[in-house]
Visitor: 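I am attaching a structure below and will ask some questions about it afterwards.
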Amino acid sequence: MSTTWHVLGAGSLGTLWATRLARAGLPVRLVLRNEQRLQAYRASGGLTLVEQGQALCYPVPGETAQSPEPIKRLLLACKAYDAEAAVASVAHRLSAETELILLQNGLGSQDAVANRVPLARCICASSTEGAFRDGDWRVVFAGHGYTWLGDPAHPVAPVWLDDLGAAGIPHEWSADILTRLWRKLALNCAINPLTVLHHCKNGGLQEHRCEVATLCAELSDLLERCGQPAAAEDLPAEVERVIQATAHNYSSMYQDVANQRRTEISYLLGHACAVAQRHGVAAPHLEQMRQRLIVHLDNLGLPSD
Ligand code: NAD
Ligand code: KPL
């Protein structure tokens, strides 16, 4: 009998994973915040995945976080700023046998979660898949991609990666997941805040090459001096490549701001600036960018933490 996948966070990525796992016949349960959310979910009949214009509903069973049953495998699919509180809400159900898969972008939330549940194994993920919600309990699979998974504390891959293969979730076990997370964080720091402040698509940054180059130089220096030299390799060239390849897209932070949603600033630029300070690395342009972004978010009435 396969271990049940408990999925906490019925948003874009949580639904994308839950529906594909369920479609493969694997046991999945959706963990909801409270009884009210559970009743609303049950009334909807299940989770809907829209793929290539076709919508299919999967009746994944739901439960509340407060339920007493033990959790052996937990996919934490909320935003970085919600991760610690979300895992705390199910802490009474976790044990030394529990494995957590952390889908959060950026850095900082993974350590916060691991400190909350020191006995459980925490596996970090970095994903280039794309999905968005187009209604309650409904998600559109917008961009095919890849998910890298790894455990900074333990290099051996878990056997349940087979479940991901069965579910058609493209993935790879990564022995250097921290390098991947730092590299993605650096890309996000070089691109996302500037797209918000210049109010442009990623391609619009071709008009702001100097600012991008300055941020890349500080990010590369920071990565090299905080023990992540591999994440710094050819960073400016990759940032340039991503800007070109995604020229017609709006960055995820731009979309959050445009939709009046809280951003993950503290786990991206905020984390980079905090680490720079801790290591005594000068990063004046990153810090200035963070301050400008905070003022911009404050002016829009959005949370800036
Ligand atoms: P989302 O906002 O669509 O979904 C998060 C869900 O978690 C929401 O439904 C929210 O209500 C729920 N949640 C939060 N706290 C909870 C709690 N205590 N109990 C129960 N539910 C709770 O977010 P998302 O877009 O799926 O992003 C999740 C993470 O994945 C983020 O860090 C994001 O940056 C990253 N990511 C997203 C995508 C994407 O395409 N959406 C791609 C790559 C990475
Ligand atoms: O991941 C991204 C995002 O928008 O969050 C890219 C496309 C790399 C831009 O930083």
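Numbering of ligands and ligand atoms starts at 1, following listing order. If you read the sequence from its start, that first residue is 1, and numbering goes on from there. Note that this is a predicted model, so its numbers are computed, not measured. FYI, side chains are in, hydrogens and waters are out, and symmetry mates aren't considered; it's all heavy atoms of this structure.
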Visitor: Among all protein heavy atoms in this structure, tell me which lies nearest to atom 34 (O) of ligand 1, with the distance rounded to 0.1 Å.
Guide: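 Residue, atom and distance for the closest contact: E264 OE1, 2.6 Å.
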Visitor: Less than 4.5 Å apart, side chain to side chain, heavy atoms only: is that true for T195 and K201?
Guide: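 They are not in side-chain contact.
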Visitor: Is it true that a side-chain atom of S67 and a backbone atom of E63 form a donor plus acceptor pair closer than 3.5 Å?
Guide: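 No, the answer is negative, given that no donor and acceptor are paired below the 3.5 Å cut-off.
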Visitor: For atom 43 (C) of ligand 1, what is the closest protein heavy atom, and at what distance to 0.1 Å?
Guide: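 Answer for atom 43 (C) of ligand 1: S127 O, 3.6 Å.
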Visitor: Under a 4.0 angstrom heavy-atom cut-off, which atoms of ligand 2 come close to K184?
Guide: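 Contacts of ligand 2 toward K184, numbered from 1: 1 (O).
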Visitor: Can you tell me if D298 and S304 form a side-chain donor-acceptor pair at under 3.5 Å?
Guide: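 Side-chain D/A pair, D298 to S304: present.
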Visitor: Any idea which protein heavy atom is nearest atom 22 (C) of ligand 1, and the distance to it?
Guide: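 Answer for atom 22 (C) of ligand 1: R33 NH2, 3.5 Å.
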Visitor: What about A131: any of its N or O atoms under 3.5 Å from an N or O on ligand 1?
Guide: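 Yes, A131 has an N/O under 3.5 Å of an N/O on ligand 1.
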Visitor: Would a distance-only check, ignoring hydrogens and angles, find a side-chain to backbone donor-acceptor pair under 3.5 Å from R209 to E240?
Guide: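 The answer is no, because no donor-acceptor pair under 3.5 Å joins these two groups.
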Visitor: Is the closest N or O pair between G14 and ligand 1 shorter than 3.5 Å?
Guide: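 Between G14 and ligand 1 (N or O atoms, distance only) the closest approach is not under 3.5 Å.
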Visitor: When you check the gap from the basic side-chain N to the acidic O, do R292 and E211 get nearer than 4.0 Å?
Guide: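 Yes, this pair counts.
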Visitor: Indicate whether the side chain of E224 and that of Q228 have a donor and an acceptor atom separated by less than 3.5 Å.
Guide: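 Looking only at side-chain atoms, Q228 and E224 do not form any donor-acceptor pair under 3.5 Å.
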Visitor: I'd like to know whether ligand 2 has M253 as a neighbour, heavy-atom separation below 4.0 Å.
Guide: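 No, M253 has no heavy atom closer than 4.0 Å to ligand 2.
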Visitor: Select the closest option to atom 5 (O) of ligand 2 among S252, S126, A186, G145, judged by heavy-atom distance.
Guide: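 Minimum heavy-atom distance to atom 5 (O) of ligand 2 goes to S252.
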Visitor: Numbering the atoms of ligand 2 from 1, which are under 4.0 Å from a heavy atom of S251?
Guide: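 Here the atoms of ligand 2 in question are 4 (O).
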Visitor: Check each of G9, S126, C78, G11 against atom 28 (C) of ligand 1 and report the one with the nearest heavy atom.
Guide: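 The option holding the nearest heavy atom is C78.
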Visitor: Does an N or O anywhere in N192 fall below 3.5 Å from an N or O of ligand 2?
Guide: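 So ligand 2 has an N or O lying under 3.5 Å from an N or O of N192.
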Visitor: Would A65 count as a contact of ligand 1 if the rule is a heavy atom under 4.0 Å away?
Guide: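 No, A65 has no heavy atom closer than 4.0 Å to ligand 1.
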Visitor: Taking only non-hydrogen atoms of A85, do any sit less than 4.0 angstrom from ligand 1?
Guide: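 For ligand 1, residue contact (heavy atoms, under 4.0 Å) with A85 is absent.
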Visitor: Give the single entry among N188, N202, V242, L205 that approaches atom 2 (C) of ligand 2 most closely by any heavy atom.
Guide: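 Looking at heavy atoms only, the winner is N188.
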